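One structure is given here, and the rest of the page talks about it.
In this text, all values refer to a predicted model and were calculated from it rather than measured experimentally. Each chain gets a letter, A, B and so on, in the order its sequence line appears, and its residues count up from 1. For the numbers below, each heavy atom of this structure counts, side chains included, while hydrogens, waters and symmetry mates do not.
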Amino acid sequence: MHDIKFIKENRTDFEESMKKRNLEIDVTKLIEIHNSYLDLLNKVQKFQENKNLLSKKISKNNDLSSNEIKQISIEVRNLKIELENCKIESEKKKKELDEQLMQLPNLIDVKTPYGTSENDNKIIRQVGKKPIFNFKPKQHLEIAENLNLIDYKKAIKISGSRFSILKSELSLLHRAIMNFMLDNNTKFFQYLECSVPEMVKDDCLYGTGQLPKFGEDLFKTNFNNLWLIPTAEVPLTNFHREDIIDLKDLPLRYTTFTNCFRAEAGAAGKDTKGLMREHQFGKVELVSIVHPDDSFQELDRMIKCVEKILSELELPYKIVELCTADLGFSSSYTIDFEVWMPGQDKYREVSSCSNCKDFQSRRMKTRVKNFNNGKIFFPHTLNGSSLAVGRILIAIIENYQNEEGFINIPKVLRKYMNGVVQIKN
RNA sequence: GGAGAGAUGGCAGAGUGGUCGAAUGCACCGGUCUUGAAAACCGGCAAGGAUGCAAGUCCUUCCAGGGUUCGAAUCCCUGUCUCUCCGCCA
């Protein structure tokens, strides 16, 4: 969430950033609301001060007559009526302001290229060679179905569309990918592995920015108003909601595998077949909480972490810098990873690494304290996928297929595959 | 699901109507001592907000929301969460 004082002091920067997201924000209105809130707040505080002073008269003077006490009581009671009204008004203004501020996306970093659609995203690098096939490569679904490794009929029967059932070695491969990724993150990049709840409270979703605007993409349960997480970014980043972290403990790095649940409300008709876009999918996530001076360095480190996985899996990929039009609500700068999918003849997104700067930490009230000088500040938060397991599964099936429709297992995954080197029928 | 206990500063933990933003300990910071360190001793140390050039002054906050009272960490009600015991259960 934005600091209204920052908006007041950096009005043009703020407006420009919003404009790049195609948003016209009535900043004058925001400032007006804040000013009238301040007026009311000052009144409330004056009332409270008077009220406190009167009450203290009783506690400080033991020799007051009961008549005098009575007099004070009446005075305070009258004061309270005025105070209450004023307080209600000021809280109303505060709520109005906060509600508007919560709707506003993060400021865009200067590094983010300007664009009007995803077509303006900028390719930073392209790594790896696309495999050459002397036959027409198939799509993952066809391969998996031919090998009897996926069962959509059953999935539809038990849960409906956009769910799937993986079987046998394909399920094992899914598990292998997940383990390989987690090991990479913990062993080589010192992320702390966690297992986390996949149901969270409203506050968490406000904290990371899914709420209040994107509730339609989420599933809400009827247990304690909990929501299913759309990404493990939500629980991991919220670890430190309302905390004051000792500066000495930075950087904090967490990784986890979770299922992610998305309604895919706006994606009707898109990627309807196969594992590309499901209501439930597995993902390994990375979250870093760092000093504001270090966040871009940390993003580079995160990118290296993801790249190591892709290059060891020997999958061809592109690194893409998201343009202003494609940037997520909470992010100020995002790098996407797209992997080559020969069956689809396309690169498809498998990871997104974002520097959210202090946007989420403000919303979550996550602060860092330097105990040497007593200074408190908001840290920067970053999140990235490392990676979307289902989509990597697709990429492996399609890149490692052979003419017979079998799937070879990438070298680095073999130790996770109980000796299986090729999936065949 | 049944019975009980609890939620207080970075942490532990006292505090049952006024002088409590809150004892004490740990941690942390500054100092004395020391060649240096440790120990010991002395001092400091919650967050958020308003106002002010500043020093400062003021307001709010002891899980959350209501209530009683001139005055609430403390009393009452509701909710949430945690713990212990019993039952059930992966």
Looking at every strand, decide which applies to [X] at a 4.0 Å heavy-atom threshold: base, sugar-phosphate, or nothing.
| X | value |
| --- | --- |
| A/D243 | nothing |
| A/L38 | sugar-phosphate |
| A/I245 | nothing |
| A/I72 | nothing |
| A/D246 | nothing |
| A/K70 | nothing |
| A/N373 | nothing |
| A/K94 | nothing |

Using atom [atom1] in both nucleotides, what's the gap between [N] and [M] to the nearest angstrom?
| N | M | atom1 | value |
| --- | --- | --- | --- |
| B/C86 | B/C76 | C1' | 30 Å |
| B/A7 | B/C63 | P | 8 Å |
| B/A27 | B/G9 | C1' | 13 Å |
| B/U24 | B/G13 | C1' | 8 Å |
| B/C62 | B/G48 | P | 16 Å |
| B/G2 | B/U78 | P | 15 Å |
| B/U60 | B/G4 | P | 37 Å |
| B/U68 | B/G49 | P | 31 Å |

Roughly, in whole Å, what's the span from [atom1] in [X] to [atom2] in [N]?
| X | N | atom1 | atom2 | value |
| --- | --- | --- | --- | --- |
| A/M1 | B/G49 | CE | P | 11 Å |
| A/K46 | B/C58 | NZ | C1' | 7 Å |
| A/N42 | B/G52 | CG | C1' | 12 Å |
| A/L79 | B/C59 | CG | P | 13 Å |
| A/L41 | B/C58 | CG | C1' | 11 Å |
| A/R241 | B/A64 | CZ | C1' | 13 Å |
| A/F371 | B/G44 | CZ | C1' | 14 Å |
| A/I69 | B/G17 | CD1 | C1' | 14 Å |

Next on the checklist: Strictly below 4.0 Å: does A/K43 bring a side-chain N or O up to OP1 or OP2 of B/C59?
Outcome noted: no

Checklist entry - Does A/K57 have a side-chain nitrogen or oxygen under 4.0 Å from the phosphate oxygens OP1 or OP2 of B/U19? => result no

Next on the checklist: Can a donor-acceptor pair be found, under 3.5 Å and without considering hydrogens, that links the side chain of A/S351 to the backbone of A/S385?
Outcome noted: yes

Of the candidate nucleotides [options], which contains the atom at the shortest distance from the side chain of [X]?
| X | options | result |
| --- | --- | --- |
| A/R367 | B/G18, B/G48, B/C28 | B/G48 |
| A/Q45 | B/G49, B/G18, B/G71 | B/G49 |
| A/I244 | B/A50, B/C70, B/G10 | B/G10 |
| A/V76 | B/G71, B/C58, B/A50 | B/G71 |
| A/N52 | B/C59, B/C28, B/A50 | B/C59 |
| A/S59 | B/A50, B/C59, B/G18 | B/G18 |
| A/Q48 | B/G71, B/A47, B/C59 | B/C59 |
| A/I58 | B/C70, B/A50, B/A47 | B/C70 |

Next on the checklist: So, applying side chain to side chain contact (heavy atoms under 4.5 Å, CB included) with A/Y400, which one of A/I423, A/I143, A/L413, A/L315 is it?
Outcome noted: A/L315

Item to check | Among A/I33, A/V27, A/T28, the one residue meeting side chain to side chain contact (heavy atoms under 4.5 Å, CB included) with A/I31 | outcome: A/V27

[N] pairs with which nucleotide, Watson-Crick or G-U wobble, both distances below 3.5 Å?
| N | answer |
| --- | --- |
| B/A46 | B/U61 |
| B/C88 | none |
| B/A54 | none |
| B/A14 | none |
| B/U82 | B/A5 |
| B/A40 | B/U32 |
| B/U69 | none |

Checklist entry - Would A/F296 and A/H380 count as a close aromatic pair, with their ring centres under 6.0 Å? => result no

Next on the checklist: Is the distance between the ring centroids of A/H2 and A/F359 under 6.0 Å?
Outcome noted: yes

Next on the checklist: What verdict does the side chain to side chain donor-acceptor pair (under 3.5 Å) test give for A/T366 and A/S361, after you've listed the backbone C-alpha separation in whole Å, the side-chain angles of each residue and the deciding distance to 0.1 Å?
Outcome noted: CA-CA 5 Å; A/T366 298; A/S361 58; over 6 Å; no

Item to check | A/N224 vs A/K80, nearer the 5' end of RNA chain B by closest nucleotide | outcome: A/K80

Next on the checklist: Taking the nucleotide of RNA chain B with the nearest heavy atom to each, does A/S55 or A/V44 sit closer to the 5' end?
Outcome noted: A/V44

Item to check | side chain to side chain donor-acceptor pair (under 3.5 Å) between A/D336 and A/S352, worked out | outcome: CA-CA 4 Å; A/D336 268 12; A/S352 199; 2.7 Å; yes

Checklist entry - Between A/N35 and A/K8, is a side chain to side chain donor-acceptor pair (under 3.5 Å) present by the stated rule, with each step listed? => result CA-CA 11 Å; A/N35 286 341; A/K8 279 178 169 173; 2.9 Å; yes

Item to check | Sole residue of A/N355, A/T381, A/D358 in side chain to side chain donor-acceptor pair (under 3.5 Å) with A/S295 | outcome: A/N355

